[in-house]
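We name chains A, B, ... by the order of the sequence lines, and we start the count at 1 in each one.
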Amino acid sequence: MAPQVRRTAFPKVLIERDTDSEQSSSDDDDEEEEQENENEEKTEEFNDTKKKGKSPITISLKKVCKKTGHEAGFKGATYIDCPMKPCFLCKMPGHTTMTCPHRVATEHGVVPAPHVNTQNPVEFVFERQLKPRITPIKPAYVIPNQVDCAVIRYHSRRVTCLEFHPTNNHILLSGDKKGQLGVWDFAKVHEKTVYGNIHSCILNNMRFSPANDGMIYAASSDGTVSCTDLETGISSTLMNLNPDGWQGPGSWRMLYGMDINLERGVVLVADNFGFLYLVDSRSNSQTGKAIMIHKKGSKVVGLHCNPFQPDLLLSCGNDHFARLWDMRRLEAGSVLANLEHRRVVNSAYFSPFSGTKILTTSQDNRLRIWDSIFRDLDSPSREIVHSHDFNRHLTPFRAEWDPKVIKPNTVIVLRHISFILNDSLDPSESLAVIGRYISENYNGTALHPIDFIDINTGQLVAEVMDPNITTITPVNKLHPRDDVLASGSSRSLFIWRPKEKFDVSEQSDTRKIIVFGGDEKKRGKRSKDDYDDDSDDDKFNVKGKNVKVKKPAKQMTNRKAKR
DNA sequence: AGCCGATGTAGCC
DNA sequence: TGGCTACCCTCGGC
């Protein structure tokens, strides 16, 4: 079969370097011009080869199968599957990823698996009477689909989690595999800080303190829960599960899932042995005993308190289950529901407004949706096949709800429903975002898009990508108020905004601002080799294809004024 | 450019 | 239950 190519028009890229202030000699302008032209040339060239299809087709099929004669690998930018293996996407034998019905049916790669359970009467009523009345999902033009700004190689290791500031619209927090915490003001682009001494390894989850939005709680594989002041970077440890240090892998406890229950004043964390811990956020001490909520010895990777009824807790982990708990009766065996999956569950979230839906991401390449927690939870209402099953080397993929819905406990006067008038809101609680593992051939480049999925239908609302981001983007978070998407891809951060929302005059290629990491204010202890490789920070590395960096153009300076 | 290592889960014995 | 190895569209460093 001929490799398939998806045609998408990409704009040219302009990359800003954040060491501009260092150079201010008289021939600066010329140099700038020169570099600009050079960049123009390079970019043209880059685009031209693709347009004319002149770039040589690289064939790198490699042996992936023990049987002779069966190989797989890239043919140009299209990946060819080994015909002897089950489909990489849906895991079913008899076809390859290229011909998988879940990939080709909608032309976008996302289609719901058949309804798994026969409809019960309540469900029938829901489908026939309630569902049609739900306001349709938000229009496509508010989907963030174009890179607005970025920090390239901001973190020294891959990004593991992201969190938007609850009140300041331009602050993005990011955690990494090394345990460092990034604070980036993406409106000022260059204002970025990395705190390096909070944790000693993977920062798995973080949450803002509901009582004080200048404080952030974080759970790490070093076995501690931290509480950090964002201004000063001063951090305190709420709990340490390894007070005696390293005693071998059998006893080293790591913290993964985390959430905060404001009403009870507790921080909930869960470890890699199946246990849940409650930490009193006022006294900073553990309350009660650890409770085994998942299979003994298995990782509990996610915790989520219901936004509407905070005593309802959702957990998920490596024992292939997501579980529903009542905080008032928390003990092993008191589980309300066990939501079964075929593989590890990367994440499980209640819907952000009503809290009645559940969305999970599992390593079996399926998103699962339970439409109501008040119904029979034996099997999901829907399964959506989606490629996200990479389980090592990368941060696990998690489907995230669009949080732009009315906050819980908000009184809504039905005759004056303001939120329906606002396009940014998704009153139907149907929009989710998740990065895609499998690549597609877009104009000769293999890219891994970020998918916006209508979880009511399985439809792909948008696939978002940029030709310069050839790395996989497993970490994604939608802004709680604005039409903004934040992505963590490898060590870099990206901010996306809707293309259509910009003024036409602003739609030029120069809107993309890329800042290179490495010289941000350093606070706390950092290891020596953190930025050893930053000497070549004039390159925006695109998997070997280096796009030459342009120095800040004049129009770039205007950009900030426009904001 | 090409190789290597870190890394998590599953399935086998 | 533990040890071993297969998985095989990563990414960054040397």
Side-chain angles (χ1 to χ4, degrees), chain A residues 3-4 58-67 70-82 84-89 91 96-98 100 103 109 152-160 176-178 201-202 204 221 248-250 254 256 272 295-301 317-320 341-346 362-365 386-397 435-442 445-449 465 469-475 488-492 517-518 527-537 539-546:
Chain A
Q4 292 183 8
T58 53
I59 300 175
S60 63
L61 296 181
K62 57 181 179 181
K63 266 213 143 125
V64 294
C65 201
K66 292 233 162 156
K67 291 167 193 162
H70 301 297
E71 291 176 314
F74 275 105
K75 214 172 207 171
T78 305
Y79 189 84
I80 311 295
D81 271 6
C82 173
M84 300 306 284
K85 302 234 168 199
C87 170
F88 201 79
L89 177 57
K91 310 297 175 195
T96 61
T97 309
M98 194 69 93
C100 177
R103 178 185 180 279
I152 304 300
R153 284 178 295 163
Y154 175 40
H155 282 271
S156 56
R157 293 290 181 273
R158 59 164 213 247
V159 173
T160 52
D176 73 19
K177 200 172 154 278
K178 223 176 171 181
C201 57
I202 316 179
N204 289 308
S221 288
M254 303 187 260
Y256 284 84
N272 58 327
K295 189 180 162 187
K296 191 183 172 190
S298 74
K299 252 198 277 188
V300 183
V301 293
N318 282 22
D319 62 353
H320 302 191
H341 296 70
R342 279 199 291 278
R343 296 278 170 160
V344 166
V345 189
N346 291 349
S362 172
Q363 287 283 8
D364 66 355
N365 263 355
H386 180 264
S387 171
H388 55 251
D389 66 334
F390 210 68
N391 62 346
R392 61 176 176 170
H393 311 305
L394 291 180
T395 304
F397 290 83
R436 197 193 302 172
Y437 169 41
I438 208 164
S439 70
E440 296 281 354
N441 183 346
Y442 294 94
T445 314
L447 300 175
H448 310 263
M465 81 216 79
I469 307 171
T470 51
T471 47
I472 292 172
T473 311
V475 191
S489 190
S490 188
R491 298 156 58 187
S492 307
S527 82
K528 214 177 158 191
D529 63 342
D530 275 0
Y531 294 109
D532 268 5
D533 54 340
D534 280 336
S535 50
D536 63 339
D537 68 355
K539 285 174 183 173
F540 179 9
N541 198 317
V542 191
K543 261 193 189 166
K545 286 170 239 158
N546 291 328

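- No donor-acceptor pair under 3.5 Å is formed between the side chain of A/H155 and the backbone N or O of A/R491.
- Atom NZ of A/K91 sits in a crowded spot, with more than 12 heavy atoms from other residues, nucleotides or ligands closer than 6.0 Å.
- Here the P atom of nucleotide C/dC8 and the OH atom of A/Y437 are 9 Å apart, to the nearest Å.
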Tell me, with the steps shown, if A/V475 and A/R158 meet side chain to side chain contact (heavy atoms under 4.5 Å, CB included).
-> CA-CA 10 Å; A/V475 191; A/R158 59 164 213 247; over 6 Å; no

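- Within the 4.0 angstrom heavy-atom criterion, base atoms lie near A/I438.
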Paired and unpaired positions of DNA chain B as dot-bracket, Watson-Crick or G-U wobble under 3.5 Å, | denoting a partner strand | .|||||.||||||

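- Side-chain atoms of A/P449 and A/Y442, non-hydrogen and from C-beta on, do get closer than 4.5 Å to each other.
- The backbone N or O of A/G488 sits nowhere less than 3.5 Å from a side-chain atom of A/T473 that would complete a donor-acceptor pair.
- Annotation: cation-pi pair A/K75/A/Y79 absent, no NZ/CZ under 6.0 Å from the ring centroid and within 45° of its normal.
- Checked by atom type and distance alone, the side chain of A/N346 never pairs as donor or acceptor with a backbone atom of A/P396 at under 3.5 Å.
- Computed from coordinates, the A/K177 NZ to C/dC11 C1' distance equals 11 Å when rounded to whole Å.
- Counting heavy atoms from C-beta outward, A/T78 and A/M98 have side chains that approach closer than 4.5 Å.
- The CZ-C1' distance, from A/R157 to C/dC11, rounds to 11 Å in whole Å.
- In this structure, the nucleotide among C/dC9, C/dC7, C/dT10 sitting nearest to the side chain of A/T97 is C/dC9.
- Here the C1' atom of nucleotide C/dC8 and the CG atom of A/L394 are 13 Å apart, to the nearest Å.
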With the criterion being N/O to N/O and under 3.5 Å, what pairs connect the protein with nucleotides 8-11 of chain B, and how long is each?
unit_1 : atom_1 : unit_2 : atom_2 : d
B/dG8  : O4'    : A/N391 : O      : 3.0
B/dG8  : O6     : A/R392 : NH1    : 2.6
B/dG8  : N1     : A/R392 : NH1    : 3.3
B/dT9  : OP1    : A/N318 : OD1    : 3.3
B/dT9  : OP1    : A/N318 : ND2    : 2.3
B/dT9  : OP2    : A/N318 : ND2    : 3.1
B/dT9  : O4'    : A/N391 : ND2    : 3.2
B/dA10 : OP1    : A/H320 : NE2    : 3.0

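- Spacing between atom CZ of A/R153 and atom C1' of C/dC11 amounts to 13 Å, rounded to whole angstrom units.
- If you take CZ of A/F390 and P of C/dC7, they are 14 Å apart, rounded to a whole angstrom.
- Nucleotides B/dC12 and C/dC8, compared at atom P, are 15 Å apart to the nearest Å.
- Among the heavy atoms of the strands lying under 4.0 Å from A/F88 is at least one base atom, whether or not backbone atoms are also near.
- Taking only side-chain nitrogens and oxygens, A/K85 comes nearer than 4.0 Å to OP1 or OP2 of C/dC8.
- Remark: the backbone N or O of A/D389 is paired with a side-chain donor or acceptor of A/N365 at under 3.5 angstrom.
- Between A/K91 atom NZ and C/dC7 atom P there is a gap of 13 Å when expressed in whole angstrom units.
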